[in-house]
Amino acid sequence: MVMKIKKAVIPAAGMGTRFLPATKAMPKEMLPIVDIPTLQLVVEEIVAAGIEDILIITGRGKSAIEDHFDRSIELEKLLEEKGKVEELADIKNISSLANIYYIRQKEPLGLGHAVLCARQFVGNEPFAVLLGDDIVHADLPVIGQLASIYTERGGTVVGCQRVGWENVHKYGVVDTDDPEASVVRVKRLTEKPDRSEASSDLAVLGRYIIDPKIFDIIEKTKPGAGGEIQLTDALNTLASLQQVWAYTFEGRRYDVGDRLGFLEATVEYALRRDDLSEKFRSFLSSLK
Ligand code: G1P
């Protein structure tokens, strides 16, 4: 039976080793795109898709995340006294975006293990998973696009795009009969394959609607690529039990955990902003 997606999980416990030294004392999910933390963009995507209950899986050194989504009474008072009406509204809005819950992953055992930490919160219903360092600029929120596919077809849905053969070793890669189709059944999923082993360049990019059967499967999943318990390996097992759909979503995706991806996101988000685009564009065109 197809159910409405009411809960979302954001694994945000990773150490951010691709972005040191910035992430030594700051969670990578708090890296700002212009002036908005990456994680806030992910939360806004979830809210825009009509999902209000969110569990963020955190870890050691991630308390800035909880502070960000909490009220800040001192700051609100200060902005009120200074008559900064817009800033005050923005700040208050962040703390009332959604019902946000937190749990800590006590050891960095991998993405699959992080998702397993959500078992109590999720219970026995299908749920959304969004990775905290993948952002997508899209007309329709990507997780909402996946939820629509789930409503039509049931099962489990993984959000994908083609990444080019030179990049397959960085991703979970989908084996299907037709990598060109916008929705297609997954035959097999492989985490970070060598280019020679990859069956397509269709990669899973940080958005999932997952059947709760995944939890029993993760419990039995052995460490895979990088010695970690991989969500991709558990989804691969799930694909042998039920339909798992690879859906090629609409939108421009950025890997903010990667230096170049972060720069691309920063520049393009700034160029889309009414308050910045004109001046920033003329600055960019003045560069030699
Ligand atoms: C994770 C997943 C991988 C996915 C990627 C991009 O890898 O394990 O399957 O393709 O995110 O969303 P990571 O980037 O954490 O190494």
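Please read these numbers as outputs of a predicted model, since none were measured by experiment. The first residue of the sequence shown is numbered 1, and numbering continues consecutively from there. Indexing begins at 1, ligand by ligand and atom by atom, following the structure's order.
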Less than 3.5 Å between some nitrogen or oxygen of G206 and one of ligand 1, yes or no?
-> yes
Just wondering, do T237 and D233 contact through their side chains at under 4.5 Å, heavy atoms?
-> no
Any donor-acceptor pair under 3.5 Å from D211 side chain to T156 backbone = no
For a quick test of your reading: what N or O donor-acceptor pairs under 3.5 Å do the side chains of residues 121-135 make, sequence neighbours left out?
{"from": "D133", "atom 1": "OD2", "to": "K28", "atom 2": "NZ", "distance (Å)": "2.7"}
{"from": "D134", "atom 1": "OD1", "to": "R253", "atom 2": "NE", "distance (Å)": "2.7"}
{"from": "D134", "atom 1": "OD1", "to": "R253", "atom 2": "NH2", "distance (Å)": "2.4"}

Please name all residues satisfying ring-ring contact (aromatic ring centres under 6.0 Å, His included) with F249, sequence neighbours left out, ordered by chain then number.
-> none
heavy-atom search around atom 1 (C) of ligand 1 in the protein gives L131 CD1, 3.9 Å
Are any of the N or O atoms of T232 closer than 3.5 Å to those of ligand 1?
-> yes
Contact partition for L231 relative to ligand 1, non-hydrogen atoms under 4.0 Å | neither
Identify, by atom number and element, the atoms of ligand 1 in contact range of D134, meaning under 4.0 Å from any of its heavy atoms.
-> 6 (C), 12 (O)
NZ/NE/NH1/NH2 to OD/OE distance under 4.0 Å, K6 and E52 | no
Which of the ligand 1 atoms, numbered from 1, are nearer than 4.0 Å to a heavy atom of L205 = 12 (O)
Charged N to carboxylate O under 4.0 angstrom, K192 versus E228?
-> no
Near K192, which atoms of ligand 1 are under 4.0 Å from a heavy atom of that residue?
-> 7 (O), 13 (P), 16 (O)
Around atom 14 (O) of ligand 1, find the nearest protein heavy atom and jot down its residue, atom name and distance.
-> R18 NH2, 4.3 Å
Less than 4.0 Å between a side-chain N and a carboxylate O, is that true for D216 and R119?
-> yes
re atom 10 (O) of ligand 1, the protein heavy-atom contact at minimum distance is V204 O, 2.5 Å
Interfacing atoms of ligand 1 (cut-off 4.0 Å, heavy-atom, G172) | 3 (C), 4 (C), 9 (O), 10 (O)
Does the ring of F262 carry R259 above it, NZ/CZ under 6.0 angstrom from centre and within 45° of its axis?
-> no
Distance to 0.1 Å, residue and atom name: give those for the protein heavy atom nearest to atom 2 (C) of ligand 1.
-> E191 OE2, 3.6 Å
